[in-house]
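Ligands are counted one by one from 1 in listed order, and the atoms in each one are counted from 1 as well. Worth knowing before you read on, the calculation uses all heavy atoms, side chains too, and leaves out hydrogens, waters and symmetry mates.
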Amino acid sequence: MTAKQILIVEDEKPIRDMIAFGLKRAGYEVREAEDCREARVQVADQAPDLVLADWMLPDMSGLELTRLLKKDPATKDVPVIMLTARAEEEDKIRGLEGGADDYITKPFSPRELVARIKAVMRRHGADDEDEVHTLGGLTLNAASHRVTAAGQEVSLGPTEFRLLKFFITHPERVYSRAQLLDRVWGGNVYVEERTVDVHIRRLRKALEPSGCDRLVQTVRGAGYRFSEQVGG
Ligand code: CA
């Protein structure tokens, strides 16, 4: 597997160097930008596997950069971790609402940063590219991001894909909406529980033509279960 590429967007060279050093040592390929303009040029050139964006940047805030990346269909799936000296809860919420996938407050250790990067990449399914999962006539290929149901390709949105991936790797168990939010959306994300229902509906609709929607089962008063067996 090739090394994951991380783009560091930080104007303060000593901090950028320190982060780059830690990430290279952890096996990542590192690219650097000192402002948002340069970051956008680099991202357009080749999308990295993850962006580390400082909040305070000279030309535009890291928050605005994150918004721009998440708005662009070409980069909306690139995870972003915000780096900041701010520690207030309100800023954290703003950062996450702006589309950041996680948030780390300075000062942090390289080890802490690498742990966060790994967690975010895991949520994005970027660290298990070779896996192919099959269950009940469904096949999910994590590397090609393809799903087939009864031999037919199924087109899924990114959230439905992650949801299905979670289900297919955790079958025969009931998960509450809160658990699904935590495991599929990530614990730091501010979304309401009914969001889960919306995406379950979309997933079922996509699976309906193949009959595989029967695998996504509602367990009354408890949540959802992915199972080959028919049951209430
Ligand atoms: Ca800065």
Side-chain angles (χ1 to χ4, degrees), residues 1-127 158-159 162 181-182 184-191:
M1 206 155 79
T2 52
K4 297 290 175 201
Q5 235 181 48
I6 297 179
L7 175 63
I8 306 169
V9 192
E10 163 67 89
D11 56 315
E12 286 154 87
K13 195 173 183 305
I15 298 176
R16 207 169 64 229
D17 287 347
M18 185 271 283
I19 296 172
F21 179 78
L23 294 185
K24 282 177 192 162
R25 212 173 44 177
Y28 294 104
E29 200 176 298
V30 173
R31 286 157 63 190
E32 299 176 35
E34 56 180 30
D35 55 32
C36 294
R37 190 200 56 81
E38 199 188 323
R40 295 185 70 196
V41 170
Q42 290 219 29
V43 167
D45 185 39
Q46 196 197 341
D49 294 297
L50 185 139
V51 173
L52 286 178
D54 187 36
W55 186 296
M56 299 294 277
L57 290 163
D59 53 346
M60 191 193 278
S61 78
L63 182 63
E64 285 169 83
L65 174 67
T66 304
R67 285 210 177 101
L68 287 172
L69 292 174
K70 295 292 179 181
K71 230 168 55 187
D72 184 341
T75 53
K76 69 177 171 51
D77 292 329
V78 176
V80 178
I81 298 179
M82 295 272 309
L83 308 176
T84 179
R86 303 164 177 230
E88 289 94 19
E89 191 66 14
E90 196 182 312
D91 288 331
K92 175 176 172 170
I93 293 168
R94 274 177 63 207
L96 294 169
E97 280 178 347
D101 297 84
D102 203 357
Y103 185 97
I104 187 162
T105 307
K106 293 173 185 174
F108 49 82
S109 70
R111 203 172 146 183
E112 193 183 344
L113 179 62
V114 168
R116 294 290 189 94
I117 289 172
K118 282 191 174 156
V120 167
M121 283 193 169
R122 201 156 44 234
R123 290 211 300 268
H124 277 256
D127 60 347
T159 304
R162 289 210 308 276
L181 277 180
D182 188 49
V184 178
W185 277 257
N188 277 338
V189 179
Y190 294 80
V191 272

- Angle at the Ca ion (ligand 1) (to 10°), with one arm to OD2 of Asp54 and the other to OE2 of Glu12: 120°
- Item | Three-point angle Met56:O, the Ca ion (ligand 1), Glu10:OE2, rounded to the nearest 10° | 130°
- Query: If you count the non-hydrogen atoms of other residues, nucleotides and ligands that lie under 6.0 Å from CZ in Phe108, is the total more than 12?
  - Reply: yes
- Would you say the side-chain atoms of Ser109 pair up with the backbone N or O of Glu112, donor to acceptor, closer than 3.5 Å? yes
- Are any of the side-chain nitrogens in Lys106 or Asp54 under 4.0 Å away from the carboxylate oxygens of its partner? yes
- Closest N/O/S atom of Asp11 to the Ca ion (ligand 1), by atom name? OD1
- How many angstroms lie between atom CD of Glu29 and atom NZ of Lys24, to the nearest 0.5 angstrom? 10.0 Å
